[in-house]
Amino acid sequence: MKIEFDISSELDKVIREAASNCEGLRDDFDPQVRQADERFGDFQANGMLSYAKQTGQNPRELAQRLIDALPESNFWETSIAGPGFINFVLSSSFYYKWIEKFGNSSKLRQESRTDKPRKIVIDFSSPNTAKQMHVGHIRSTIIGESLARLLEFQGHEVIRDNHLGDWGTQFGILLYAIKREHISLDDLGPDPIASLENLYRQGTSWTKEDPVCLSQARKELVKLQNGDPENLNLWEKIREISMSSFHSIYKMLGVHFDHSYGESFYRDKVEPIYEKLLKHNICIIDEGALVVFHPEHKRFAKQPFIIRKSDGASNYATTDLATVEFRKKEWNADQIIYVTDGRQRDHFEQLFLTVKKWYAAENVDSPTLSHVWFGTILGEDNKAIKTRDGQPVKLIDLLTEATDRAQNMVIEKKPDLELSEVKKRAKKIGLGAVRYADLSQDRTLDYVFAWEKMLAMQGNTAPYLQYAVARIHSIFRKAEIEPLDIPPTSYFPTSESERKLARKLLFFPIVLKQTTKELKPHFLGGYLYELATEFSSFYNQSKVMVEDKNIMHLRLLLCARTLHLMEIGTEILGIETLEEM
RNA sequence: GCUCCUGUAGUUCAAUGGAUAGAACAUUGGUCUCCGGAACCGAAGAUCUGGGUUCGACUCCCAGCGGGAGCGCCA
C-alpha cells in the first residue's frame, strides 16, 4: 500500500485489487471502507456482509479469503470481527510516515486540490438595501463565505456574488417618505442606515393607514422603474448608504464579494427570458400572469412558478432566471450555489426545473444548480425572526456584544495586557464564537436565537479551538524551534495519547471530502473540535519537552501537524486563530 | 386540503445502513510542585409511538402523534 493522502480511498483501491484475484468476489464487490470505531481499529471494511449475503456465501470465510489475498504489508494488521467486519489497524510506522509526508501546510493544500477545477458562483448573504442587517442574515453570510473558502481551498475558481435585494417594492414607500418629510440623504445623522430604516417603518405605517399614501408610494415606485432621474438618484444614494453599512459588517467578518450586482442589475434583462420561454412553450399565460407548470412533478403540476405578474411587472422568479443566464453567458459558470433560507426550497426547485427545460430546449449545457439551504432563526415565540414584529436583534449589535464579552474575558485572564492587544484578541475570540455557534451545527436545522448560545465561549466553541492552537504556539516558543524544522525521529507514535492524536490527523482528508460533498461545514467543525480535544488530552498526558530527543521530536511533530490542520480548518470556517490568548 | 422539513440525555447539538448512540452545558467526584486550569480524567443521564424492509435501523419504507414551513401575483 502506498502512503496516500486519503487513506480510505487508497485502502479501497488495494482491497478491490485483492478482491479481483479472490475466489467468490466479482468486480461489483464494494469494500465499503469506513473510518472505524476506535475500539476496533483505524479503518474497517463492511462490504463482506452484504456481498456474502447476496451471493449466498459465508461472510467470515469470504473475509478470510480476502485477507489472504491482500498484499503483504507491515503497515497494517487485519482481523475479522463479529459477523464479518474486516478491521485494519495501521502500524505506528505508517502513522509516522503519513504525518511526516503530509505535514507542512503547502503540502496539505496541494494534496487537497482537485484535479478538476470548476468555476463556481456562490450567491450568498443578499440583504435588502435600505435596511440594516439583522441576525437573520448571519447564516447565509457565514455559511456562504465558509463554502467559498472550502471550494477555493480545493482549487476551484469561486465567484462570490451578493445578490442584493435592491429593486423591491420597499423603494416606493421609502421614496414617498423621503419626499414627504423633505429628507436630505446627505444629512441623515450619525447612523444613516438606521435613519433610513426608521423612515421606511414610518412610511409603512402611513401607507397602511391611508390608501392615499399607498397610492402615492406606488406612484413613486413606478416613477423609479420608469427611470425618473430624481428617484433614480435617490435610489442610488440609498444603495450607497446601504452598501457602506453592509461593508462594515463584512469587514468585521472577513467576508468579501467579487460582485454585488443585485436584482436591479437584471431589471432590463428580463424581456428576452419571457420571449424564450414562450417560444419553447415552457410557460403559459394563466389568470393574466405568465407562469410555468411542471406537469411531471407532483407538486408543481399545479403550483405555479410565476415569472411575470398579471400587471406585467417582473418578480424575483424573473430576475433569478435572468441571473442564471448572465452567470452562464458572462462567467461561463459550471455551478451556481444559492445559500438561502430553507423556506425558499420550492422556489429554487421550480427555478431549477425551469432552467433545465429552457436550456435543454436551446441545447446548451446548464450549470449545476445547487440550493444550499439552512434552517430559520426563530424568535422566542418559535416563529421566524421578522423585521416587522418586535425588534429583531441587529447583526451589528450581536457582533459588538460578542467582542465586548470576549474583551471582558481577556482582561480577566490577562489584566496587564495592553488595550490594543486586548481588543485585537477579543475581536478574534468573540467573532469566532459567533461564527462557530452557527457553523458547528447542521445547517438544515432551525434554531431559536439566544444570546447565550451565540456567545458561548466554554465547551464546544471557537475559543476552545483557539485555545488549543495558542497552546501549540506556546510550546514552539518554549522549545525555540519552528514547526517546519523538526528533525526526523526513530520514535513512532506509541503511547495511547500519541496514537490517538496521530490517528485523528489521518482522518482530515476524509472529513474534507465529506464536508465538500454535503456542503455542510459542521462536519469540518466537528472534526476540528475532536482534533482539539485529542490534542488537549495528549497535552495533559504527554509532556512534549522531554530529555529523550527522539520522543520530543515525535511529539513536536504531532504538535506541528495538529497546528497546521487546525489553522487550515479554522481558516475555512472563517475563524481566526491566535498565537497567544 | 396538498406537499416538504423535523422529533435523540434535564437543555443545546452529533452520529456516510454497521459492532456497546458521541459531545457540550447543567448536576456531580477527582487532577492544582503541570510545556498556559479558557484545560484534563471520571460518574449519572437519551433514539416520539406502532408496524415493515434488512444479516444489521437514530438512519430507509408505511401509519399515527407532536413541532415548523411552503402552496398565484413579497423575496
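The analysis underlying the following values was restricted to heavy atoms, covering all of them including side chains, and did not include hydrogens, waters or symmetry mates. Letters A, B, ... are given to chains in the order of the sequence lines, protein chains preceding strands, and every chain is numbered from 1.
- You'll find that the side chain of A:R343 is closest to B:rA69, out of B:rA69, B:rG72, B:rG18.
- Under the 4.0 Å criterion applied to side-chain N and carboxylate O atoms, A:E496 and A:R499 are not assigned as salt-bridge partners.
- A distance of about 15 Å separates the P atoms of B:rC48 and B:rA57, rounded to the whole Å.
- A straight line from CG of A:D37 to C1' of B:rA15 spans 11 Å, rounded to a whole angstrom.
- Between the CZ atom of A:F374 and the P atom of B:rU6 there is a distance of 16 Å, rounded to whole Å.
- The salt bridge (charged side-chain N to carboxylate O under 4.0 Å, His left out) search around A:R405 returns A:E401, not counting sequence neighbours.
- You'll find the ring centres of A:Y338 and A:H163 outside the 6.0 Å limit.
- In this structure the side chain of A:F305 never reaches within 4.5 angstrom of the side chain of A:V291, judged on heavy atoms.
- Of the residues in residues 458-467 of chain A, those placing a heavy atom less than 4.0 Å from an atom of RNA chain B are A:Q458, A:G459, A:N460, A:Y464, A:Y467, in numerical order.
- Going from the C1' atom of B:rG66 to that of B:rU49 covers 11 Å, rounded to whole Å.
- Considering only the side chain of A:K543, B:rC34 comes nearest among B:rC34, B:rA15, B:rC55.
- If you check B:rG36, B:rA15, B:rC73 against the side chain of A:H522, the one that comes closest is B:rA15.
- Stacking between A:F40 and B:rA19 is shown: the ring centroid lies under 5.5 Å from the centre of the six-membered base ring, and the planes differ by under 30°.
- Closest to the A:S537 side chain, of the nucleotides B:rC73, B:rC40, B:rG37, is B:rC40.
- Closest to the side chain of A:R477, from the set B:rC40, B:rG36, B:rC73, is B:rG36.
- The gap from the C1' atom of B:rU20 to that of B:rU47 amounts to 15 Å, rounded to the nearest Å.
- When the C1' atom is compared between B:rA9 and B:rG17, the two are found 24 Å apart, to the nearest whole Å.
- Rounded to the nearest Å, the gap between the C1' atom of B:rA43 and that of B:rC35 is 30 Å.
- To the nearest angstrom, P of B:rG22 lies 13 Å from NZ of A:K500.
- In this structure, the nucleotide among B:rG72, B:rC5, B:rG18 sitting nearest to the side chain of A:W373 is B:rC5.
- The same atom, C1', is picked in B:rU31 and in B:rA19; the two are 33 Å apart, to the nearest Å.
- Here the nucleotide nearest the side chain of A:Y447, chosen from B:rC13, B:rG72, B:rC5, is B:rC13.
- Nearest nucleotide to the A:N315 side chain, out of B:rG72, B:rA75, B:rA19: B:rA75.
- At a threshold of 4.0 Å, the pair A:D161-A:R327 counts as salt-bridged, since one of the basic side-chain nitrogens sits closer than that to a carboxylate oxygen.
- Side-chain proximity of A:D442 to B:rA14, B:rC34, B:rG18: nearest is B:rA14.
- Considering only the side chain of A:Q303, B:rG70 comes nearest among B:rC13, B:rG70, B:rG36.
- On the P atoms, B:rA69 is 26 Å away from B:rG10, given to the nearest whole Å.
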